[in-house]
Amino acid sequence: MESVRVLELYSGIGGMHYALKESGIPGQVVAAIDINTTANQIYQHNFPDTPLWNKTIEGIVLDDFNKLSFDMILMMCYLRLQGDISDPRTKSFLYILDLLPRLHRLPRFILLENVKGFESSSARELLVKTLQDCGYTFQEFMISPTSVGIPNSRLRYFLIAKIATENFSTQISDVFPHLAEGDSSEQPIVVNPSCPDTCQPDDTVQDSHVLYKLETATDVQRKMSQNNNLSIRQVQDFLEPQTEVNIDQYLLPPKTLLRYALLMDIVEPTCRRSVCFTKGYGRYVEGTGSVLKCCTETKMESVFSGLDQFSEEEKVRQLSKLKLRYFTPREVANLMGFPQSFSFPEGISTKQRYRVLGNSLNVEVVARLLRLLVS
């Protein structure tokens with residue numbers, strides 16, 4: 001296959017670029033565009049030879065896009081789904097859809113990633129109409145990294161499109177071999193536009209009886225099922241060597257343990273699951289990502305049973321036995337499929353690292369979709 005000229009929109013820290021390299025598709029990123037200065041600093045550190053435009057997309061005129069003569073668009077586009085056209089990302093998205101039909105030469109391939117919920121939005125309807133009017137054929141999926149054996153839940157919407165003269169000759173199960181295994185709601189799903197509920201997993205809790213740590217029997221059963229899925233690797237495969245991690249730096253402070261102990265998603269190195277890491281990880285606890293239990297000898301049940309009967313001082317003492325810590329930024333990057341060659345430049349704080357990773361994507365998932373797209 002001849003080399004593909006790629007335009008990377010909302011390039012972030014380079015997740016799409018790494019996915020292109022991982023896919024094995026011969027290609028050159030002719031321009032990466034983003035306005036996040038921290039993300040751009042990290043991108044430039046890892047891809048110093050790639051032209052990086054620190055501009056808003058709507059600030060780039062049609063003639064400048066035409067000069068790039070690109071064959072493929074890779075795009076992360078996290079829209080606010082309420083239809084707020086004043087939102088900068090919504091403005092940029094609408095600008096892209098307006099530009100696409102007016103390009104001198106339509107790109108052969110398009111890949112877009114967005115958050116869950118986009119599949120039922122008016123923005124998605126507008127995207128599909130534009131692609132159809134331009135003569136593209138496309139496929140849509142909801143995919144989580146668990147589908148490629150990575151123990152992290154990050155369900156995202158993906159669309160891949162190509163000019164209608166080119167067919168999709170490869171099946172989704174060919175690039176996601178675990179598709180046929182198990183009945184996980186996070187396996188790749190072809191989004192059916194006429195039946196949007198098919199991509200909304202049923203999260204209804206049937207058993208509301210709380211056992212401990214504010215978890216119901218249903219919650220515990222779900223986590224056990226995930227941990228027994230041998231097609232998914234263990235968390236320990238993605239951890240930094242203990243000799244390279246200053247554990248004390250990432251331990252949860254006493255105040256956080258007291259306030260959020262019952263709400264935290266706790267995993268052990270042998271687990272085959274973790275929840276989605278967001279840009280608030282390390283600053284907030286609830287709903288931002290899992291924390292790691294480093295003391296394998298202490299059972300969680302023994303710590304949490306009767307915890308509410310203790311004084312604050314004793315609660316901290318009990319909870320500290322678990323040695324709960326945040327995943328390091330490098331470990332989060334590992335769980336998001338970034339290669340070992342990826343690194344942060346000096347001067348990027350831990351908080352900033354978590355934030356840009358939370359805004360990124362899973363490299364391995366996108367790499368496989370790219371293979372499907374250009375097959």
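In this chain, numbering begins with 1 at the start of the sequence shown. Note that the structure is predicted; figures quoted are calculated from it, not measured.
Checked for salt-bridge contact, Arg368 and Glu364 meet the test: a charged N lies under 4.0 Å from a carboxylate O. In summary, Glu268 and Lys293 engage in a salt bridge, as defined by a charged side-chain N under 4.0 Å from a carboxylate O. The pair Glu312-Lys315 fails the salt-bridge criterion, with no side-chain N (NZ, NE, NH1 or NH2) lying under 4.0 Å from an Asp/Glu carboxylate O. A salt bridge links Glu331 with Arg325; the closest basic N to acidic carboxylate O contact falls under 4.0 Å.
Shown here for Asn46 and Ser343, the closest heavy-atom pair between the two residues is ND2-O, 2.9 Å. Nearest heavy-atom pair, Thr288 versus Tyr284, reported as atom, atom and distance to 0.1 Å: OG1-O, 2.8 Å. Of all the heavy atoms in Pro151 and Leu335, the pair that sits closest is CG-CD2, 3.8 Å.
Qualifying side chain to side chain donor-acceptor pair (under 3.5 Å) partners for Asn334, counting only residues two or more places apart in sequence or in other chains: Arg330, Gln340. By the ring pair (Phe, Tyr, Trp, His ring centres under 6.0 Å) test, Tyr281 is found to be paired with Phe277, Tyr326, Tyr354, residues two or more places apart in sequence or in another chain being considered.
Between the side chain of Thr298 and the backbone N or O of Cys295, no donor-acceptor pair lies under 3.5 Å. Not a single donor-acceptor pair under 3.5 Å links the side chain of Asn114 to the backbone N or O of Tyr157. Side chain of Asp71 to backbone of Arg5: a donor-acceptor contact under 3.5 angstrom is found. In terms of modelled atom types and a separation under 3.5 Å, the side chain of Asn227 and the main chain of Lys223 share a donor-acceptor contact. Thr146 places no side-chain N or O within donor-acceptor distance of the main-chain N or O of Ser153, the cut-off being under 3.5 Å. No side-chain donor-acceptor contact under 3.5 Å links Gln226 to the backbone of Met224. Without hydrogens or angle criteria, Gln352 side chain to Ser349 main chain gives a donor-acceptor distance under 3.5 Å. Asn40 places a side-chain N or O within donor-acceptor distance of the main-chain N or O of Asp34, the cut-off being under 3.5 Å. In this structure, the side chain of Ser225 does not engage the main chain of Gln221 through any donor-acceptor pair within 3.5 Å. Panel note: side chain Arg108, backbone Met72; no donor-acceptor pair is recorded below 3.5 Å.
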Side chain to side chain contact (heavy atoms under 4.5 Å, CB included) assessment of Phe138 paired with Ile160: CA-CA 6 Å; Phe138 60 90; Ile160 56 175; over 6 Å; no
Verdict with supporting geometry, Leu257 and Ser320, side chain to side chain contact (heavy atoms under 4.5 Å, CB included): CA-CA 8 Å; Leu257 290 174; Ser320 296; 4.0 Å; yes
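In this structure, the separation between OH on Tyr95 and OG1 on Thr56 is 8.5 Å, given to the nearest 0.5 Å. Within the model, atoms OG of Ser302 and CD of Glu297 stand 11.5 Å from one another, a figure rounded to the nearest 0.5 Å. Note that CZ of Arg283 is 8.5 Å distant from OG1 of Thr278, once rounded to the nearest 0.5 Å. To the nearest 0.5 Å, the span separating CD on Glu125 from OG on Ser122 amounts to 6.5 Å. Taken from CG in Leu9 to CG in Leu7, the straight-line distance is 4.0 Å, to the nearest 0.5 Å. Between atom CG of residue Asp49 and atom CD of residue Gln44 there is a gap of 8.5 Å, rounded to the nearest 0.5 Å.
Linking Ile, Leu, Val, Met, Phe, Trp and Tyr residues whenever their side-chain heavy atoms come within less than 4.5 Å places Leu62 and Ile33 in a single cluster. Phe176 and Leu230 end up in different hydrophobic clusters when Ile, Leu, Val, Met, Phe, Trp and Tyr side chains are linked at under 4.5 Å. In the hydrophobic cluster analysis, where Ile, Leu, Val, Met, Phe, Trp and Tyr join through side-chain heavy atoms closer than 4.5 angstrom, Val267 is grouped apart from Val275. There is a path of hydrophobic side-chain contacts, each under 4.5 Å, that joins Val128 to Leu106. In the hydrophobic clustering of this structure, Leu155 groups with Val148; members are Ile, Leu, Val, Met, Phe, Trp, Tyr whose side-chain heavy atoms approach within less than 4.5 Å, directly or through other members.
Counting only N and O atoms by type, the side chains of Gln234 and Thr270 include no donor and acceptor under 3.5 Å apart. Judged by distance alone, the side chains of Tyr10 and Asn36 never bring a donor and an acceptor atom under 3.5 Å apart. Residues Ser11 and His17 bring no donor and acceptor atom of their side chains to less than 3.5 Å of each other. For Arg105 and Ser69, the side-chain atoms include at least one donor-acceptor pair closer than 3.5 Å. With no hydrogens or angles considered, a side-chain donor-acceptor pair links Ser92 and Glu58 at under 3.5 Å.
In this structure, Phe168 places its CZ atom where more than 12 heavy-atom neighbours from other residues, nucleotides or ligands lie under 6.0 Å away. Heavy atoms from other residues, nucleotides or ligands lying under 6.0 Å from NZ of Lys321 number more than 12.
Between Cys134 and Leu100 there is a side-chain heavy-atom pair separated by less than 4.5 Å. A 4.5 Å side-chain heavy-atom check between Phe109 and Val374 finds at least one atom pair inside the cut-off. Using a 4.5 Å cut-off on side-chain heavy atoms (C-beta onward), Phe344 and Ile42 make contact. Proximity of Lys116 to Arg156: side-chain heavy atoms (C-beta onward) are nowhere separated by under 4.5 Å. You'll find the side chain of Pro107 stays beyond 4.5 Å of the side chain of Phe65, heavy atoms only. Residues Ile266 and Met300 are in side-chain contact: their nearest non-hydrogen atoms beyond the backbone lie under 4.5 Å apart. Annotation: side chain of Leu292 is not in contact with side chain of Leu324 (no heavy-atom distance under 4.5 Å). Residues Leu319 and Phe304 are in side-chain contact: their nearest non-hydrogen atoms beyond the backbone lie under 4.5 Å apart.
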Which donor-acceptor pairs under 3.5 Å do the side chains of residues 248-256 make with protein atoms, sequence neighbours left out?
none

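Asn66 pairs in a side-chain contact (heavy atoms from CB on, under 4.5 Å) with only one of the listed residues (Leu103, Leu99, Val61), which is Leu103. Of the options Leu239, Val291, Asn152, Leu357, a side-chain contact (heavy atoms from CB on, under 4.5 Å) to Phe327 is made by Leu239 and by none of the others. Considering Val356, Ile13, Thr50 in turn, Thr50 is the only one that fulfils the side-chain contact (heavy atoms from CB on, under 4.5 Å) rule with Tyr43.
In this structure, Phe158 has its ring center no closer than 6.0 Å to that of Phe118.
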